[in-house]
*Asks:* 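Pasting in a structure now, in structure tokens, and then I'll have a few things to ask.
All values derive from a computational prediction rather than experimental measurement.
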Amino acid sequence: MKKLFFTLLFGAALGTTVFAGPKSVATSDKNAAVIEKTVYTTDPTTLPTQAQAFLRKHFSTLTVHQIKVENEAEGREYDVKLAGGCEIDFDHRGEWTQVDCGRTAVPTSVLPERIARYVADHYPRQFVVSIERDADKYEVELSDKTDLEFDLRGDFLRID
């Protein structure tokens, strides 16, 4: 019986250690909470200058709901949630990598001109709800859930 009790006790202690989750760390920013390598804040000045300019240019009417700053090996990455539901990801340089507006339209000013023109010409009743940019292509999701791929020049590649 003692052996069973100590086995269960050891298992509970191990489970608590493994599943305890991230630890909070103190910070001087009253709007931020640090969790291991991640910081949460609502202060847009924590973003790189280029990301701040992007938000002012394309989303000036929406307020920042939350900014998640992740410290990665390549540098910091920023996930911004805006009032109204749009989420924007920025890399360590402040360049956007993804704009996801859920069920509402991504501002056409965000879209490369050739992509905006292609969508307007071929899908006149749809609008872009998400666009993602990586090293060699753009991935675009339309309001009817159609996924399109474009090269970095904005030339259509395929329906995904």
*Asks:* When you compare the side chains of D43 and T41, does any donor N or O come within less than 3.5 Å of an acceptor on the partner?
*Replies:* no

*Asks:* Check step by step if side-chain contact (heavy atoms from CB on, under 4.5 Å) holds for Q66 and Y40.
*Replies:* CA-CA 7 Å; Q66 179 184 40; Y40 292 89; 2.9 Å; yes

*Asks:* Count I, L, V, M, F, W, Y as connected when their side-chain heavy atoms are under 4.5 Å apart, and connections chain through other members. Are L62 and F127 then in the same cluster?
*Replies:* no

*Asks:* Would the number of heavy atoms belonging to other residues, nucleotides or ligands and lying under 6.0 Å from NE2 of H92 be above 12?
*Replies:* yes

*Asks:* State the CZ-CZ distance between F156 and R117, to the nearest 0.5 angstrom.
*Replies:* 15.0 Å

*Asks:* With the side chain counted from C-beta on, respond yes when C86 and F59 share a heavy-atom pair under 4.5 Å apart, and no when they do not.
*Replies:* yes

*Asks:* Assigning hydrophobic clusters by single linkage (Ile, Leu, Val, Met, Phe, Trp, Tyr; side-chain heavy-atom cutoff under 4.5 Å), is V129 placed with I131?
*Replies:* no

*Asks:* Taking the side chain as everything from C-beta on, heavy atoms only, tell me whether Y123 gets closer than 4.5 Å to L148.
*Replies:* yes

*Asks:* Before giving the answer on side-chain contact (heavy atoms from CB on, under 4.5 Å), spell out for L55 and L47 the whole-Å C-alpha distance, their side-chain angles and the decisive distance to 0.1 Å.
*Replies:* CA-CA 10 Å; L55 291 176; L47 296 170; 3.5 Å; yes

*Asks:* Does any non-hydrogen side-chain atom of D89 lie less than 4.5 Å from one of W96?
*Replies:* no

*Asks:* Report the distance from atom CZ of R114 to atom CG of L152, rounding to the nearest 0.5 Å.
*Replies:* 12.0 Å

*Asks:* List in chain and number order the residues that pass side-chain contact (heavy atoms from CB on, under 4.5 Å) with V69, two or more places apart in sequence or in another chain; answer none if no residue qualifies.
*Replies:* V39, I67, R76, Y78

*Asks:* Aromatic rings F150 and Y118: how do their planes relate, parallel, tilted or perpendicular, breaks at 30° and 60°?
*Replies:* perpendicular

*Asks:* So, taking the atom named CD1 in I159 and the one named CD in E149, what distance separates them when rounded to the nearest 0.5 Å?
*Replies:* 11.0 Å

*Asks:* When rounded to the nearest 0.5 angstrom, what is the spacing between CZ in R133 and CD in E139?
*Replies:* 13.0 Å

*Asks:* Quick one, T63 and L82 - any side-chain contact, counting heavy atoms below 4.5 Å?
*Replies:* no

*Asks:* Give, for atom CD of E87 and atom CG of D79, the distance between the pair rounded to the nearest 0.5 Å.
*Replies:* 8.0 Å

*Asks:* Of the non-hydrogen atoms in D121 and P124, which two are nearest, and what is the gap between them?
*Replies:* O-CD, 4.2 Å

*Asks:* Below 30° counts as parallel, above 60° as perpendicular, anything between as tilted: where do the rings of H58 and F54 land?
*Replies:* tilted

*Asks:* Any side-chain heavy-atom pair from V119 and L142 closer than 4.5 angstrom?
*Replies:* yes

*Asks:* Looking at every heavy atom in both Q126 and S143, which two are closest together, and how far apart are they?
*Replies:* OE1-OG, 2.7 Å

*Asks:* Check the pair Q50 / E95 against side-chain contact (heavy atoms from CB on, under 4.5 Å), numbers first and verdict last.
*Replies:* CA-CA 7 Å; Q50 188 171 346; E95 295 180 9; 3.3 Å; yes

*Asks:* Using 0.5 Å steps for rounding, measure from the CG atom of D91 to the CD atom of E72.
*Replies:* 12.0 Å

*Asks:* Is there a side-chain contact between T38 and K68 in this structure, where contact means two heavy atoms from C-beta onward sitting under 4.5 Å apart?
*Replies:* yes

*Asks:* Using a strict threshold of under 4.0 Å (side-chain N to carboxylate O), is an ion pair present between R158 and D160?
*Replies:* yes

*Asks:* Could you give me the CA-CA distance, side-chain angles and deciding distance for L111 and V128, then say whether side-chain contact (heavy atoms from CB on, under 4.5 Å) is met?
*Replies:* CA-CA 9 Å; L111 305 175; V128 175; 3.8 Å; yes

*Asks:* Should side-chain heavy atoms under 4.5 Å link Ile, Leu, Val, Met, Phe, Trp and Tyr, which residues sit in the same cluster as L157?
*Replies:* none

*Asks:* Quick check: do S130 and Q98 have side-chain heavy atoms less than 4.5 Å from each other?
*Replies:* yes

